[in-house]
Amino acid sequence: MNPQAFEKMSRFRQKVIRLVIIEKKSIYETAIACGCTAEKVRRVLKKWRYASRAESSRIT
């Protein structure tokens, strides 16, 4: 996903994606760090993966 799309996301989503994808933290560690549930982290990741797939299909 391009940096511009990442910047348009809310700070919470950016933090979740940064912790899980970039820093390789587990879903549970991320949930504790963000102060939310593991289910909410899973939902954010699901949306992230869908958005990245949709963007990569637009590029090709």
Side-chain angles (χ1 to χ4, degrees):
M1 184 171 264
N2 67 12
Q4 292 172 344
F6 186 75
E7 292 298 322
K8 289 182 181 178
M9 296 175 149
S10 69
R11 276 200 252 158
F12 173 76
R13 287 186 180 183
Q14 288 178 5
K15 184 176 182 180
V16 168
I17 292 166
R18 186 178 346 100
L19 287 171
V20 174
I21 305 289
I22 298 171
E23 296 183 16
K24 308 286 188 206
K25 300 285 184 183
S26 73
I27 290 174
Y28 301 106
E29 289 174 324
T30 303
I32 291 169
C34 294
C36 66
T37 63
E39 186 58 37
K40 189 168 184 179
V41 172
R42 286 187 188 104
R43 284 193 307 255
V44 169
L45 290 175
K46 185 176 179 181
K47 290 177 184 180
W48 165 261
R49 288 185 182 116
Y50 178 76
S52 343
R53 254 188 250 130
E55 185 170 314
S56 66
S57 67
R58 275 187 269 152
I59 293 171
T60 57

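The residues of the chain are indexed from 1 along the displayed sequence.
- With values rounded to the nearest 0.5 angstrom, R13 atom CZ is found 4.5 Å from K47 atom NZ.
- A31 and A38 make their closest contact through CB-N, 3.8 Å (heavy atoms, listed as atom of the first residue, atom of the second, distance).
- Under a cut-off of 6.0 angstrom, the local environment of CZ in F12 is crowded, with over 12 non-hydrogen atoms contributed by other residues, nucleotides or ligands.
- The minimum heavy-atom distance between K15 and A33, with the atom names listed, is NZ-O, 3.4 Å.
- Residues T37 and K40 have side chains in contact (heavy-atom distance under 4.5 Å, counting atoms from C-beta outward).
- A donor-acceptor pair under 3.5 Å is absent between the side-chain atoms of E23 and the main chain of R18, judged by distance alone.
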Given V41 and L19, is the side chain to side chain contact (heavy atoms under 4.5 Å, CB included) satisfied, shown in steps?
CA-CA 10 Å; V41 172; L19 287 171; over 6 Å; no
Would you check, one step at a time, whether the test side chain to side chain contact (heavy atoms under 4.5 Å, CB included) holds for W48 with I21?
CA-CA 10 Å; W48 165 261; I21 305 289; 4.1 Å; yes
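- Side chains of I27 and L45 form a contact here, defined as non-hydrogen atoms less than 4.5 Å apart.
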